[in-house]
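Here the structure is laid out as structure tokens; the discussion comes afterwards.
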Amino acid sequence: IFNNKVYFFLILIVVLYIFEFTLFLKTFNGGYFLSKVTNNQIVSSKFISNFVTKNNTHLSVFNNQKIKIYCNKKKNLSHNFDKYGFINSNQQWNILNENVILKSYSEINCNDFNLKKSEKFSLKSNNNLDLGSISTGPLHQYSILKEYFDKIKTKKVFWFHFEGSDLSDFNNLKNSKFKKYFDNDNFKQNLSSYDVQLKEEEIKRELSKFDQNLLKKEIKNFLFFFRSISFLKQRIFFQRKIFKDLKNYEINELARILYKTNIFLNENNIKFIFFYIPRESEPINSIKNSEIKKKLFKELEKNNITFIDLT
């Protein structure tokens, strides 16, 4: 009888580990690690997001490199990054661009709004300098503009803002790197002259650390059945979704950032236009987003900032 119990227990453990591994393979991290097996050079889009927001110096990531980025099981992207870490040709920095684009995403974002496929908006000119980067909040975008402004040649700057999510990343205000740009109008790091090889070495170290920490986390999940437990909780117990309350200070902070951007560009004889873009993946927050939009537009009107509502 004892042997039968042990045998049954071992079979149960094996079944649970198989189930745990199956759940892991369905996750973003599971697909990413499988992709790393066949292509060790592939980079997680989450690493790019992590690097640009948490490192103490840089506002962008790879310079003058072609990088393959893992999105999900069905999609990988390959992008050529320019000399400053954005998705443009290097030649684009040497010419007068009709538009410079600031936005909280780039085509690195695998599932976000794609400018080229939008039915509501299209840029008539292909002569655009795109300073968008994945997971950059409003203050991060402002920092990019101030840091690279002396390299920019344009008469118009467009700021693309996603409803909902772009207002939720004001943790950037806690980052001293970004606050320096906002608090000191003369602050600049001269990142355009930063040693490219040194930056590559920093990225390699951070990427290795990122992958190792991710692997440790997933091993811990696997050994202690954390994914199985979470899976069962979601199906057995009623999980009430908690939505973030509307915080007026976030709207006010965004309005302040846009106000400073508008003043700065006007002083340099550059036209500034703010675009408010809908996010179809957030229908459940539509009432909150409508309230945000109403309050934000009131601030923009008060500060004489030109804006276009695409919702």
Side-chain angles (χ1 to χ4, degrees), residues 59 86 88 97-107 109 112-125 127-149 152-170 172-173 178 181-182 185 246-282 285-286 288-311:
L59 301 175
F86 304 99
N88 305 286
N97 290 280
E98 187 164 337
N99 310 297
V100 165
I101 300 169
L102 294 169
K103 49 187 168 64
S104 61
Y105 72 100
S106 75
E107 276 56 48
N109 284 43
D112 267 341
F113 175 84
N114 190 317
L115 203 59
K116 296 176 182 178
K117 297 179 181 179
S118 173
E119 296 179 358
K120 292 191 173 184
F121 179 77
S122 63
L123 290 171
K124 294 180 181 179
S125 173
N127 187 17
N128 308 301
L129 184 69
D130 189 343
L131 300 183
S133 182
I134 188 171
S135 294
T136 55
L139 191 55
H140 194 154
Q141 294 169 70
Y142 176 80
S143 302
I144 289 172
L145 176 66
K146 294 299 295 289
E147 177 65 34
Y148 294 98
F149 185 74
I152 293 170
K153 302 176 181 70
T154 190
K155 289 297 180 183
K156 282 187 292 185
V157 169
F158 293 160
W159 185 307
F160 294 156
H161 174 90
F162 274 112
E163 67 177 352
S165 60
D166 273 4
L167 205 61
S168 67
D169 58 8
F170 273 92
N172 281 337
L173 290 169
F178 302 126
Y181 286 98
F182 189 73
D185 291 338
L246 172 64
K247 292 182 173 60
N248 288 322
Y249 80 86
E250 293 183 337
I251 300 174
N252 294 333
E253 291 289 357
L254 174 58
R256 285 178 59 206
I257 293 169
L258 296 174
Y259 174 74
K260 289 198 71 167
T261 303
N262 191 45
I263 293 295
F264 173 69
L265 292 173
N266 284 339
E267 288 174 349
N268 288 277
N269 298 314
I270 296 175
K271 186 176 182 180
F272 177 54
I273 304 176
F274 176 83
F275 291 88
Y276 192 88
I277 298 173
R279 185 182 286 276
E280 294 179 0
S281 61
E282 293 188 347
N285 288 325
S286 58
K288 186 184 78 171
N289 287 338
S290 178
E291 189 178 349
I292 290 171
K293 183 172 70 170
K294 182 179 178 181
K295 293 183 178 182
L296 177 60
F297 286 1
K298 184 178 180 180
E299 292 296 316
L300 296 180
E301 288 173 349
K302 184 174 73 174
N303 293 324
N304 294 316
I305 296 175
T306 302
F307 64 91
I308 296 175
D309 182 7
L310 297 179
T311 57

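Remember, it's a predicted structure, so these values are computed and weren't measured experimentally.
Here OG1 of Thr306 is found 6.5 Å from NZ of Lys271. Values are rounded to the nearest 0.5 Å. Separating the OG1 atom in Thr261 from the CG atom in Leu265 is a distance of 6.5 Å, to the nearest 0.5 Å. Rounding to the nearest 0.5 Å gives a distance of 9.5 Å between CG of Asn252 and CG of Leu254. For the atom pair Ile270 CD1 and Asn268 CG, the distance stands at 5.5 Å (nearest 0.5 Å). Going from atom CG of Asn88 over to atom CG of Leu129 covers 4.5 Å, rounded to the nearest 0.5 Å. Here the CD1 atom belonging to Ile251 is positioned 14.5 Å from the CZ atom belonging to Arg256, to the nearest 0.5 angstrom.
Shown here for Glu147 and Leu59, the closest heavy-atom pair between the two residues is CB-CD1, 3.7 Å. Scanning both residues, Leu139 and Ile257, for their nearest heavy atoms gives N-CD1, 3.8 Å. Taking both residues in full, the closest heavy atoms of Phe160 and Gln141 are given as O-OE1, 4.2 Å, listed atom of the first, atom of the second, then distance. Considering every non-hydrogen atom in both Pro138 and Trp159, the closest pair reads O-CH2, 3.3 Å.
Side-chain contact between Leu102 and Leu145 is present, with heavy atoms from C-beta onward closer than 4.5 Å. Side-chain contact between Leu300 and Leu258 is present, with heavy atoms from C-beta onward closer than 4.5 Å.
Separation of the Tyr276 and Phe297 ring centroids falls under the 6.0 Å cut-off. A ring-centre distance under 6.0 Å is not found for Phe158 and Phe272. Remark: aromatic rings of Phe307 and Phe275 are distant, center separation not under 6.0 Å.
Here the side chain of Asn266 pairs a donor or acceptor atom with the backbone of Asn262 at under 3.5 angstrom. The backbone N or O of Phe182 lies less than 3.5 Å from a partner atom in the side chain of Lys260, making a donor-acceptor pair. No donor-acceptor pair closer than 3.5 Å links the side chain of Ser143 to the backbone N or O of Tyr181.
When the ring-ring contact (aromatic ring centres under 6.0 Å, His included) test is applied to Tyr148, the partners found at least two apart in sequence or on another chain are Tyr84, Phe86. By the side chain to side chain contact (heavy atoms under 4.5 Å, CB included) test, Ile263 pairs with Tyr259, Glu267, sequence neighbours left out.
A donor-acceptor pair shorter than 3.5 Å can be found between the side chains of Asn99 and Asn128.
Legend: salt bridge (charged side-chain N to carboxylate O under 4.0 Å, His left out) pairs involving residues 299-311, not counting sequence neighbours, sorted by first then second residue: Lys293-Asp309, Glu299-Lys302.
Remark: Lys153 NZ is packed, more than 12 non-hydrogen atoms of other residues, nucleotides or ligands lying under 6.0 Å away.
A side-chain contact (heavy atoms from CB on, under 4.5 Å) with Phe274 is found for one member of Leu296, Val157, Ile308 and no other, namely Leu296.
For Lys146 and Phe264, the positive end sits near the middle of the six-membered ring, less than 6.0 Å away and at most 45° from its axis.
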Chi angles and distances behind the side-chain contact (heavy atoms from CB on, under 4.5 Å) call for Ile152, Leu131: CA-CA 10 Å; Ile152 293 170; Leu131 300 183; 3.8 Å; yes

